[in-house]
Structures are given as C-alpha cells and as structure tokens.
> 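Take this structure, written in structure tokens, and hold onto it; I'll ask about it next.
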Amino acid sequence: MKNYFDLHDRYALVVGASSGLGAQFAKCLANQGVHVALAARRKDRLVSLCSAINEVSGAGSAIAVAVDVSDEESIKACVKEVYESFGRIDILVNNAGVQTAGDFLEFKTEDWDREFAINLRGMFIMSREVGKIMKEQHYGKIINTASMAGYGGGTGVIAYHSSKGGVVNFTRSLAADLAPYNVTVNAIGPGVFDSELTHDILDSEMVKNSLKNVPLKRHGNEGELDGALIFFASDASSYCTGQILYVDGGLTSQI
C-alpha cells in the first residue's frame, strides 16, 4: 500500500527557520525523514537547531545556511550552497517574515519597504532561484507562509496585511507559471499562533477582539500547522496547486 504522505529522503530548504513557525516547520519535516537546510540571518540559532535535529534517531539530517532574504545576492548564494550540499531541492518553505505595527498616518516608508522586501520580494527571488532547479528536476513543492491577514484588511499593521495579500496572489500566479514543470505551489495561512513574530501582540486589544470571532475560541498551538505542511510537501497534494489553506480555528469563515 502506497503512503502518499511519505517524505523520507526528500531534500528541503526552509527559509526563516531560526525561530517560531520556521523552526517548527524544519523539525516537522526532519521528523518525517526529510533532509533539511535551515536558512536565516541568525546562523547561531540555526546551528543549535541543526544539532538538536541531527541527534534524533531516524530523523533526516540538517545543515545551517545563512541568508538575508532582503538581499538578492545573499539568496543566490544560499540556494547555490544548499544545491551543492544536497544535489537537489525537492521542497522549498518560504517562511521569512516581519511585522511592524503603527498608525497608518504615522507609518514610516522605510518600514513599509522593509516588510515588502522580506515578506514578498524575498519570497519572489527565492522561489525564482529554487524554481530553476525544480524545473530541471521536473519536480518540486513550494510552500509559502501566508496569513489570515492576507484574506482581509485590518487596523494597525497595514504593511503586513498588504504584503501577505501579495503572498496570496503570488502563490496563485506562481502555481500557474510552474505547473508545466511538475512543480506545485501552495500556501499555509496561519491564524494567530504564539511565535517570535506575534508574541508581543498576543495581549493587544486587536488580537483579543479577533479571538472573539474565532469559532474554536483559542489561538493555535505548536504543531497544529504540521498537517498542512506535510500535505503540501508530500505527493498527497500532487493535484493541488495555487491553493491557500487557512489554519485559523475557523476565523476566516466568519469574515
């Protein structure tokens, strides 16, 4: 009997893996037997996570690669290093992201530019460079981290909502572009999870008010995105591309 979720001996690049959801994604894939390259600016954190992964019996191996997704040459160097180490890249997880809160009328242009550089432009360049490899392989899985913020608007984080809305349509468009090469492109849209990106705003009125509209009446817990990740990374999703799966306790069903 074929296991369509089997990921043993696949090779993945997880971007934004130094903390939060990215670190969880890396551990999840490694626990499924995937060999993972962890990429982020803070390589010291990556080394520590790699050591923890490599100590787990039966898990895939892990390597650490430094990358600044706001820098095109850094992205190219990262992809080159991973490809030279692995010989292929089967799975790309685009998870790097930042969020800046602030009143719209006082919102700084440099903060807007920084969020788009990391949340969307970096995803575009990383996907383009890895997509070239996947085209030659005639196989690949690209998984982007979107957000429920990409589903609709909201106050106080305009650049985040705007860039994540861009991720949603980027995912759909890229899926069409790469379909001829047997490369699927999908996105996970998390609701509110406790991570380095969101930890400081969990007690804010904005988040408390949004929680009132979550049918499950709670935030997401560690590991509750793993199922979506495994689905999109595996052959179980071979006929699924250009889709955004919101894992948000039902919040988007109320919008």
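For the single chain, residues carry numbers from 1 onward in sequence order.
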> Fit a plane to each ring of Tyr11 and Phe86, take the angle between them on a 0 to 90° scale, and name the class: parallel (under 30°), tilted (30 to 60°) or perpendicular (over 60°).
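Correct class here is tilted.
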> If we only count heavy atoms from C-beta on, is the Ile91 to Phe25 side-chain gap below 4.5 Å?
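Not in contact.
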> The test is side chain to side chain contact (heavy atoms under 4.5 Å, CB included); show your working for Met126 and Val79 and say whether it passes.
CA-CA 8 Å; Met126 182 66 72; Val79 174; 3.6 Å; yes
> Check whether any side-chain N or O of Asn119 sits under 3.5 Å from a backbone N or O of Val98 as a donor-acceptor pair, and report yes or no.
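Side chain of Asn119 to backbone of Val98: a pair is present.
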> Hey, is the main chain of Asn221 close enough, under 3.5 Å, to the side chain of Glu224 for a donor-acceptor pair?
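Indeed, once roles are kept as given, a pair shorter than 3.5 Å links the two residues.
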> Charged N to carboxylate O under 4.0 angstrom, Glu110 versus Arg114?
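No.
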> Exactly one of Val14, Asp226, Val34 should register a side-chain contact (heavy atoms from CB on, under 4.5 Å) with Cys28. Which one does?
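That would be Asp226; it is the only one of Val14, Asp226, Val34 passing the side-chain contact (heavy atoms from CB on, under 4.5 Å) with Cys28.
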> May I ask you to check whether Ser127 and Asn94 show a side-chain donor-acceptor distance below 3.5 Å?
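Looking only at side-chain atoms, Asn94 and Ser127 do form a donor-acceptor pair, the distance falling under 3.5 Å.
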> For residues Leu92 and Lys141, determine if any side-chain heavy atom of one lies less than 4.5 Å from a side-chain heavy atom of the other.
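A side-chain contact under 4.5 Å is absent here.
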> Hey, could you give me the CG/OG1 distance between Asp103 and Thr155, rounded to the nearest 0.5 Å?
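Result: 9.5 Å between the selected atoms.
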> Mind checking whether Tyr139 and Val185 sit in one hydrophobic cluster, side chains of I, L, V, M, F, W, Y counted as touching below 4.5 Å?
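They do not share one cluster, since no chain of ILVMFWY contacts under 4.5 Å joins Tyr139 to Val185.
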> Assess, by modelled atom type and distance only, whether the side chains of Thr100 and Asp111 contain a donor and an acceptor separated by less than 3.5 Å.
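Judged by distance alone, the side chains do not pair up.
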> Would you say CZ of Arg41 has more than 12 non-hydrogen atoms from neighbouring residues, nucleotides or ligands within 6.0 angstrom?
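At most 12 heavy atoms, drawn from other residues, nucleotides or ligands, come within 6.0 Å of this atom.
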> Between Cys78 and Ala66, which heavy-atom pair has the shortest distance, and what is it?
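Between these two residues, the closest heavy atoms are CB-O, 4.1 Å.
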> Salt bridge check, Glu72 against Arg128: does any charged N sit closer than 4.0 Å to a carboxylate O?
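A salt bridge is present here (some side-chain N lies under 4.0 Å from a carboxylate O).
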> On a heavy-atom basis, which atom in Cys240 and which in Thr184 lie closest, and how many Å separate them?
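Looking at all heavy atoms of both residues, the closest pair is O-CB, 3.7 Å.
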> Find out whether Asn144 and Met123 are in side-chain contact, i.e. whether some heavy atom of one side chain is under 4.5 Å from a heavy atom of the other.
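Yes, close enough: below the 4.5 Å cut-off.
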> Please work out which of the three classes, parallel, tilted or perpendicular, describes the rings of Tyr151 and Tyr246, given edges at 30° and 60°.
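If you compare the ring of Tyr246 with that of Tyr151, the planes turn out perpendicular.
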> Counting distance only, does the side-chain N/O of Gln137 pair as donor-acceptor with the main-chain N or O of Ile89 below 3.5 Å?
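Yes, because the side chain of Gln137 sits within donor-acceptor range (under 3.5 Å) of the backbone of Ile89.
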> Tell me if a side-chain donor or acceptor on His35 pairs with a main-chain N or O of Gly60 at a distance below 3.5 Å.
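The answer is no, because no donor-acceptor pair under 3.5 Å joins these two groups.
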> Could you check if a side-chain atom of Phe193 sits within less than 4.5 angstrom of a side-chain atom of Leu21, using non-hydrogen atoms only?
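They are in side-chain contact.
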> How many angstroms lie between CE in Met148 and CG in Asp248, if you round to the nearest 0.5 Å?
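Met148 atom CE to Asp248 atom CG measures 7.0 Å (nearest 0.5 Å).
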> Side chains of Arg121 and Ser70: does their closest heavy-atom pair fall under 4.5 Å?
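When only atoms from C-beta onward are counted, Ser70 and Arg121 do not touch, as no gap falls below 4.5 Å.
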> Please tabulate, for the side chains in residues 172-182, all donor-acceptor contacts under 3.5 angstrom to protein atoms that are two or more places apart in sequence or on a different chain.
{"residue": "Arg172", "atom": "NH1", "partner": "Asn169", "partner atom": "OD1", "Å": "3.3"}
{"residue": "Asn182", "atom": "ND2", "partner": "His138", "partner atom": "O", "Å": "3.1"}

> Show the nearest heavy-atom pair for residues Ile75 and Gly122, with the distance to one decimal.
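The pair with the smallest heavy-atom distance is CD1-O, 3.8 Å.
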> Are the side chains of Tyr160 and Ser147 in touch, meaning some heavy atoms are under 4.5 Å apart?
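Side chain of Tyr160 against side chain of Ser147, heavy atoms only: contact under 4.5 Å found.
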> Look at the side chain of His161 and the backbone N and O of Ala149, then say whether any donor-acceptor pair between them is shorter than 3.5 Å.
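Looks like yes, one N/O pair under 3.5 Å.
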> What's the spacing between Leu7 CG and Ser234 OG if we round to 0.5 Å?
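Spacing of CG (Leu7) from OG (Ser234) equals 5.5 Å.
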> Please verify the inter-ring angle class for Phe107 with Trp112; under 30° counts as parallel, over 60° as perpendicular, anything in between as tilted.
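Correct class here is perpendicular.
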> Find out whether Leu251 and Val192 are in side-chain contact, i.e. whether some heavy atom of one side chain is under 4.5 Å from a heavy atom of the other.
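The answer is no; the side chains never approach within 4.5 Å.
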> Do the side chain of Asn186 and the main chain of Ile143 share a donor and acceptor less than 3.5 angstrom apart?
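Absent.
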> Between Ser74 (side chain) and Asp71 (backbone), is there a donor-acceptor pair under 3.5 Å?
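Between the backbone of Asp71 and the side chain of Ser74 there is no qualifying donor-acceptor contact (under 3.5 Å).
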> Taking Gln32 for its side chain and His8 for its backbone only, find out whether a donor-acceptor pair lies under 3.5 Å.
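It does not hold such a pair.
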> When rounded to the nearest 0.5 angstrom, what is the spacing between CD in Glu81 and OH in Tyr83?
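Those atoms lie 15.0 Å apart.
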> Can you measure from CG (Asp113) to CD (Glu115) and round to the nearest 0.5 angstrom?
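If I round to the nearest 0.5 Å, the distance is 10.5 Å.
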> Passes side chain to side chain contact (heavy atoms under 4.5 Å, CB included), His219 versus Leu211? Steps please.
CA-CA 7 Å; His219 301 314; Leu211 190 59; 3.7 Å; yes
> May I ask you to decide whether Lys132 forms a salt bridge with Glu136, counting only side-chain N to carboxylate O separations under 4.0 Å?
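Glu136 and Lys132: not salt-bridged.
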> Check whether any side-chain N or O of Ser237 sits under 3.5 Å from a backbone N or O of Phe232 as a donor-acceptor pair, and report yes or no.
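Checking the backbone N and O of Phe232 against the side chain of Ser237, a donor-acceptor pair under 3.5 Å is found.
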> Looking only at non-hydrogen atoms, find the nearest pair between Ala146 and Pro190 and report the distance.
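So the two residues come closest at O-CD, 3.5 Å.
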> May I ask you to decide if Gly22's main-chain N or O and Lys27's side chain share a donor-acceptor pair within less than 3.5 Å?
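Absent.
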> If you compare all heavy atoms of Leu49 against all heavy atoms of Ala17, which two are closest, and at what distance to 0.1 Å?
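Closest heavy-atom pair between Leu49 and Ala17: CD2-O, 3.5 Å.
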> Can you measure from CD1 (Ile142) to CG (Leu13) and round to the nearest 0.5 angstrom?
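Reported to 0.5 Å precision, the distance equals 10.5 Å.
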> Just wondering, do Val93 and Val15 contact through their side chains at under 4.5 Å, heavy atoms?
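Result no, sub-4.5 Å side-chain heavy-atom pair not found.
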> Which pair of non-hydrogen atoms, one from Ala233 and one from Arg10, has the smallest distance, and what is that distance?
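Closest pair (atom of Ala233, atom of Arg10, distance): O-NH1, 3.9 Å.
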